[in-house]
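One structure is given below, encoded as structure tokens.
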Number of protein chains: 2
Amino acid sequence: MSRDSATKAEAADRLESALGDGEGINFELIELLFFAYRDFISDPDAILETKGFGRAHHRVVHFVNREPGLTVAALLDTLMITKQSLARVLKQLIDSGYIHQVAGPEDRRQRRLYPTRKGRELALALARPQSRRIARALTGLGPGEQAAVTEFLNGMINRDGGGVPGGSGVPLEERPGDNT
Amino acid sequence: MSRDSATKAEAADRLESALGDGEGINFELIELLFFAYRDFISDPDAILETKGFGRAHHRVVHFVNREPGLTVAALLDTLMITKQSLARVLKQLIDSGYIHQVAGPEDRRQRRLYPTRKGRELALALARPQSRRIARALTGLGPGEQAAVTEFLNGMINRDGGGVPGGSGVPLEERPGDNT
DNA sequence: CAGATATGTCAGTTATGTTGACATAAATTG
DNA sequence: CAATTTATGTCAACATAACTGACATATCTG
């Protein structure tokens, strides 16, 4: 296979189109985000593996911890998954004592979700290495630059209403019953 | 569910107190990364769906486009998946004319991967909305602040060699091949 | 009471990953 | 040259986490 059939011009063309220079596409940040997120998620993954859990469990434990008393519907809204998807994971977390349910105080159809002590500890254990990684990545940046990172990430998020808990404007409610 | 906005600061405060994090864990950035990445990936997802492809195809097309002449081994290294996982996706992309293989010019065991014209167009179509989203998120930031974002993302990545094509110190060897 | 809502559950499917075993061709090394 | 290693492919079985669709139940609301 004579491999030198391509001219230098062709090669240059190909490289250029591969780099997307003609369109000014920011491949650098696209890839940086890919690698950063993959490594960011790898820390908790290692912990979850030892407990037979996966990322789905992580997300549920995380958000229930962040917003105790969350309804199932609100959690589905945040995660943007179907209830069937949530059901399996949630059941496992409840059965193994990380989360417990309480019927809604006003609307008794609701199952408000609370972390148990065990659940809080797990959420914290998962968040710790992620926070450490973030702190490490922020060292060397000035306060204004750190704020810029936050601003950037906020700017990456769809503003059209779905998913972000703090973005809904729905105040968090009082925290009923204590837990395990 | 009213979806208007309370400020994020308010929500963050509420959530923080709800958790009692005396550990100073940066929940804000943890969640920001989660939502930012989810929305970031949702743009290409919509395009891929119309072609019956998924994220796995996206990653393969992207990296082959970025580094034409990539070997299968290098791609596996970058993606950090098994060859069996790659095989299925790669076969589909080759069969449908997005990528083609050329035996390595020096080492003929290798199958060097090149995007076809169709493949390049797909990679570009997928990168475009992501780049637009990034550009939008960067507007309003000064040059130094934009550099800080890059620095931050770089700092989030594991430095221990695996995965990042440019990060290993191994120079990319360009091996232009025939395509289309 | 009639309907809407919140949640649960059963059943089947898809996308993407995994491990393990084995095959083949080509390069490298003794 | 023979033996081994390397790069790749492939078959088979399996796991996870998502999906759709359908239906059940309890509860709230008009």
Side-chain angles (χ1 to χ4, degrees), chain A residues 1 3 34 38 41-42 44-46 48-62 64 69-95 99-113 163 170 173, chain B residues 1 34 38 41-42 44-62 64 69-96 99-113 163 175:
Chain A
M1 177 148 325
R3 210 33 332 285
F34 170 69
R38 191 187 55 184
I41 217 63
S42 73
D45 273 0
L48 291 159
E49 202 177 350
T50 72
K51 303 193 181 299
F53 289 158
R55 288 179 195 175
H57 303 83
H58 183 184
R59 295 194 281 270
V60 171
V61 166
H62 175 92
V64 169
L70 203 65
T71 64
V72 169
L75 186 53
L76 290 175
D77 232 47
T78 297
L79 299 178
M80 302 204 308
I81 57 173
T82 61
K83 63 178 173 179
Q84 295 93 333
S85 295
L86 177 59
R88 181 178 6 131
V89 165
L90 187 53
K91 191 176 191 324
Q92 287 175 282
L93 287 170
I94 289 168
D95 289 350
I99 288 178
H100 75 119
Q101 296 177 317
V102 177
E106 316 238 307
D107 187 336
R108 293 189 28 193
R109 291 170 304 182
Q110 296 177 339
R111 298 302 156 89
R112 310 196 78 116
L113 305 172
V170 178
E173 325 219 336
Chain B
M1 261 173 234
F34 170 69
R38 189 189 56 186
I41 217 61
S42 73
D45 274 359
I47 297 170
L48 291 159
E49 204 178 349
T50 71
K51 303 194 179 300
F53 290 156
R55 288 178 194 178
H57 303 83
H58 183 184
R59 295 194 281 270
V60 171
V61 165
H62 174 92
V64 169
L70 202 65
T71 64
V72 170
L75 186 53
L76 290 175
D77 233 46
T78 298
L79 299 178
M80 300 205 307
I81 58 172
T82 59
K83 63 177 173 180
Q84 295 92 332
S85 295
L86 176 61
R88 191 178 21 214
V89 166
L90 186 54
K91 192 176 191 323
Q92 287 177 282
L93 287 170
I94 290 168
D95 289 351
S96 43
I99 288 177
H100 75 120
Q101 297 177 317
V102 176
E106 317 236 307
D107 186 335
R108 294 190 28 195
R109 292 171 303 181
Q110 295 176 340
R111 300 301 157 89
R112 310 198 78 118
L113 305 173
R175 180 66 57 193

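So that the names make sense, note that chain A is the first sequence line, chain B the second, and so on, each numbered from 1.
- With sequence neighbours excluded, the residues satisfying side-chain contact (heavy atoms from CB on, under 4.5 Å) with L76(B) are V72(B), I81(B), K83(B), L86(B).
- Checked options Q101(B), R111(B), H100(B); the residue passing with I94(B) is Q101(B) (criterion: side chain to side chain contact (heavy atoms under 4.5 Å, CB included)).
- At a threshold of 4.0 angstrom between heavy atoms, the contacts of E49(A) with the nucleic acid are absent.
- With sequence neighbours excluded, the residues satisfying ring-ring contact (aromatic ring centres under 6.0 Å, His included) with H57(B) are F53(B).
- Among the atoms of the strands shown, base atoms are found under 4.0 Å from some heavy atom of R88(A).
- Computed from coordinates, the I81(A) CD1 to dC19(D) C1' distance equals 11 Å when rounded to whole Å.
- Applying the salt bridge (charged side-chain N to carboxylate O under 4.0 Å, His left out) criterion to K51(B), with sequence neighbours excluded, gives no partner residue.
- The separation between L113(A) atom CG and dA6(C) atom C1' is 12 Å, rounded to whole Å.
- When the side chain to side chain donor-acceptor pair (under 3.5 Å) test is applied to S42(B), no partner is found at least two apart in sequence or on another chain.
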Anything under 3.5 Å between a protein N or O and an N or O of nucleotides 26-30 of chain D, put it in a table, one pair a line.
residue	atom	partner	partner atom	Å
dT27(D)	OP1	R108(A)	NH2	3.3
dT27(D)	O2	R109(A)	NH1	3.4
dC28(D)	OP1	E106(A)	O	3.4
dC28(D)	OP1	R108(A)	N	2.9

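- Look at Q92(B) and you won't find any side-chain N or O under 4.0 angstrom from OP1 or OP2 of dA15(C).
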Show the distances under 3.5 angstrom between N or O atoms of the protein and N or O atoms of nucleotides 19-23 of chain C.
residue	atom	partner	partner atom	Å
dG20(C)	N7	Q84(B)	NE2	3.4
dG20(C)	O6	Q84(B)	NE2	2.8

